[in-house]
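Read the structure below first, then the notes.
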Amino acid sequence: MSGLDSHTKLSLLYFPIGGRAEAIRLTAAAGGIAFTNKVLTFPEFMEVKHDKELIPLGQVPVLHIEKDGKTRTVTQSLAILRYFGKIGGLYPSDEILALDVDSLLAMLEDLLKTLILTVGGAVSALVSDTEWTGEEKIKIRKRWIEKSLPKFLGFIEDTLKSSKSGWLVGDSVTIADINLYTDLTWVSSGVLDGIPTTVLDEYPSCKVLMEKVKTVNGIEQWTDKYSKPYSSFDYEP
């Protein structure tokens, strides 16, 4: 059961894909957090993108928290993930363990930073007035595999190898494990040109953890019940 006040209603606004909201959704499933999964199609998003009350920064995910007739709007996926982790018991109360979780979340951000730039494009990233060609994107991703993956994922692999529990932090699943699972599922999915589905083969402990996260109570039921593209629905654990 979550530590959420029964009078508080949560609504998570995002696209029908996994993306930056998937770790939040799975944390809700594992932590027993009721929320509304509110989906925006891409055309719908473009219509409301400049609505500052609904989407303050013109980007999603956004969390709307309703209580006592008032609505608080929260942006930034990692902030929302930590909030869900705290009320769902998946973020450590111990300060040092929480620090370890935060460090890993930041590490995953650093890991994916360059890769995400190649998806958004050079113009959106403000690095060029012209877009990268497909060949240029693949060259960047090749360097990412050679440089960033060993640096960051190599550290995480070593962390898992020394873990007695098999989890990244402490003796149970945390948002760090869930975030790793969703990030690496995307990286190895085959949807990114130049990134083979075998990209994680040199990181067996990470692959073992991904399988472990799949079987977490709540997450397993979520993936069995809901498929992508998502629709809008009220989730009740």
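Predicted model only: the values in this text are computed from it and were never measured.
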query: Between CG of L115 and CD1 of I140, what distance do you get to the nearest 0.5 Å?
result: 10.0 Å
message: Please list all pairs meeting ring-ring contact (aromatic ring centres under 6.0 Å, His included) that have one or both residues in residues 68-124, counting only residues at least two apart or in different chains.
response: none
query: Are M107 and L112 grouped together when hydrophobic residues (ILVMFWY) are joined by side-chain heavy atoms under 4.5 angstrom apart?
result: yes
- prompt: M210 and L180: same hydrophobic cluster, using ILVMFWY side-chain contacts below 4.5 Å?
  reply: yes
statement: dist L149:CG -> T114:OG1 (nearest 0.5 Å) comes out at 11.5 Å
- request: State, with a plain yes or no, whether a side-chain heavy atom of P196 is found less than 4.5 Å away from one of I145.
  value: yes
- request: Measure the shortest side-chain to side-chain distance between K214 and T223 over non-hydrogen atoms and say whether it is less than 4.5 angstrom.
  value: no
task: Please assess D110 against K151 for the test salt bridge (charged side-chain N to carboxylate O under 4.0 Å, His left out), listing each intermediate value before the final yes or no.
output: CA-CA 10 Å; D110 283 344; K151 178 180 178 179; over 6 Å; no
Distance, nearest 0.5 Å, that separates CE of M46 from CG of L40: 12.0 Å
query: Does the pair T41 and F15 meet the rule for a side-chain contact (heavy atoms from CB on, under 4.5 Å), with working shown?
result: CA-CA 6 Å; T41 64; F15 301 120; over 6 Å; no
query: Does anything in residues 189-204 pair up under side-chain hydrogen bond (donor to acceptor under 3.5 Å, both in side chains), and if so which pairs, sequence neighbours excluded?
result: D201-K207
statement: Rounded to the nearest 0.5 Å, the NE2 atom of H64 sits from the OG1 atom of T71 at a distance of 7.5 Å
field: Exceeds 12 heavy-atom contacts within 6.0 angstrom, atom NZ of K9
entry: no
message: When you group the ILVMFWY residues by side-chain heavy-atom contacts below 4.5 Å and let the links chain together, are V119 and V187 in the same group?
response: yes
message: For the residue pair S165 / D171, report whether a side-chain donor-acceptor contact shorter than 3.5 Å exists.
response: no
Backbone of S231 reached by a side-chain donor or acceptor of N37 within 3.5 Å: yes
Full working for side-chain contact (heavy atoms from CB on, under 4.5 Å) between I178 and V173: CA-CA 8 Å; I178 295 172; V173 61; 4.1 Å; yes
message: Under a 4.0 Å threshold between the charged nitrogen and the carboxylate oxygen, would E136 count as salt-bridged to R141?
response: no
field: Worked check of side-chain contact (heavy atoms from CB on, under 4.5 Å) between L184 and L153
entry: CA-CA 10 Å; L184 295 189; L153 203 57; 4.0 Å; yes
message: Nearest 0.5 Å, please: how far is CZ in R72 from CG in L10?
response: 12.5 Å
- request: Might you point out which heavy atoms bring L168 and D177 nearest each other, and give the distance in Å?
  value: N-OD1, 2.9 Å
- request: Not counting sequence neighbours, list each pair that qualifies as a salt bridge (Lys or Arg N to Asp or Glu O under 4.0 Å) and has a residue in residues 33-60.
  value: none
E146, CD: over 12 other non-hydrogen atoms inside 6.0 angstrom: yes
field: Gap between atom CD1 of I138 and atom CH2 of W132 - 0.5 Å precision
entry: 13.5 Å
Check: residues 123-131 side-chain donor-acceptor pairs under 3.5 Å, at least two apart:
unit_1	atom_1	unit_2	atom_2	d
S128	OG	T130	N	3.1
S128	OG	T130	O	3.0
S128	OG	T130	OG1	3.3
E131	OE1	A122	N	2.9

message: Is the shortest side-chain heavy-atom distance between K228 and E22 below 4.5 Å?
response: yes
statement: Hits for side-chain contact (heavy atoms from CB on, under 4.5 Å) against E109, two or more places apart or cross-chain, chain-then-number order -> R20, L78
message: Can a donor-acceptor pair be found, under 3.5 Å and without considering hydrogens, that links the side chain of S103 to the backbone of L99?
response: no
message: Looking at every heavy atom in both V216 and Q221, which two are closest together, and how far apart are they?
response: O-OE1, 4.2 Å
- prompt: Do F155 and L97 belong together in a cluster built from hydrophobic side chains that touch within less than 4.5 Å?
  reply: yes
- prompt: Between I219 and A30, which heavy-atom pair has the shortest distance, and what is it?
  reply: CG1-CB, 3.9 Å
query: Under a single-linkage definition using a 4.5 Å side-chain heavy-atom cutoff for Ile, Leu, Val, Met, Phe, Trp and Tyr, are V191 and I195 assigned to the same hydrophobic cluster?
result: yes
- request: Verify, without hydrogens or angle tests, whether S232 (side chain) and V39 (backbone) share a donor-acceptor contact under 3.5 angstrom.
  value: yes
Check: T159 and W167 side chains under 4.5 Å, non-hydrogen atoms: no
query: Which atoms form the tightest heavy-atom contact between L54 and T73, and what is the distance?
result: O-CG2, 4.0 Å
Heavy-atom closest pair, residues A34 and E236: CB-OE1, 3.7 Å
- request: May I ask you to decide if the ring planes of Y226 and F233 are parallel, tilted or perpendicular, using 30° and 60° as cut-offs?
  value: parallel
task: Please report the shortest heavy-atom distance between Y14 and G19, naming the atom on each side.
output: OH-CA, 3.6 Å
message: Just so I know, are the side chains of T75 and Q59 near enough to count as touching, which here means a heavy-atom distance under 4.5 Å?
response: no
task: Would you kindly say whether S205 and E157 are connected by a side-chain donor-acceptor distance under 3.5 Å?
output: yes
- request: Check whether any side-chain heavy atom of L63 sits under 4.5 Å from a side-chain heavy atom of L13, and report yes or no.
  value: no
query: Are P237 and I33 close enough that some pair of their side-chain heavy atoms sits under 4.5 Å apart?
result: no
task: Step by step, work out the side-chain contact (heavy atoms from CB on, under 4.5 Å) result for T182 and V213.
output: CA-CA 10 Å; T182 57; V213 170; over 6 Å; no
task: Decide yes or no for L108 and I156: does some side-chain heavy atom of the first lie under 4.5 Å from some side-chain heavy atom of the second?
output: yes
query: Looking at residues at least two apart in the chain, or sitting in another chain, which of them share a side-chain contact (heavy atoms from CB on, under 4.5 Å) with D158?
result: K161
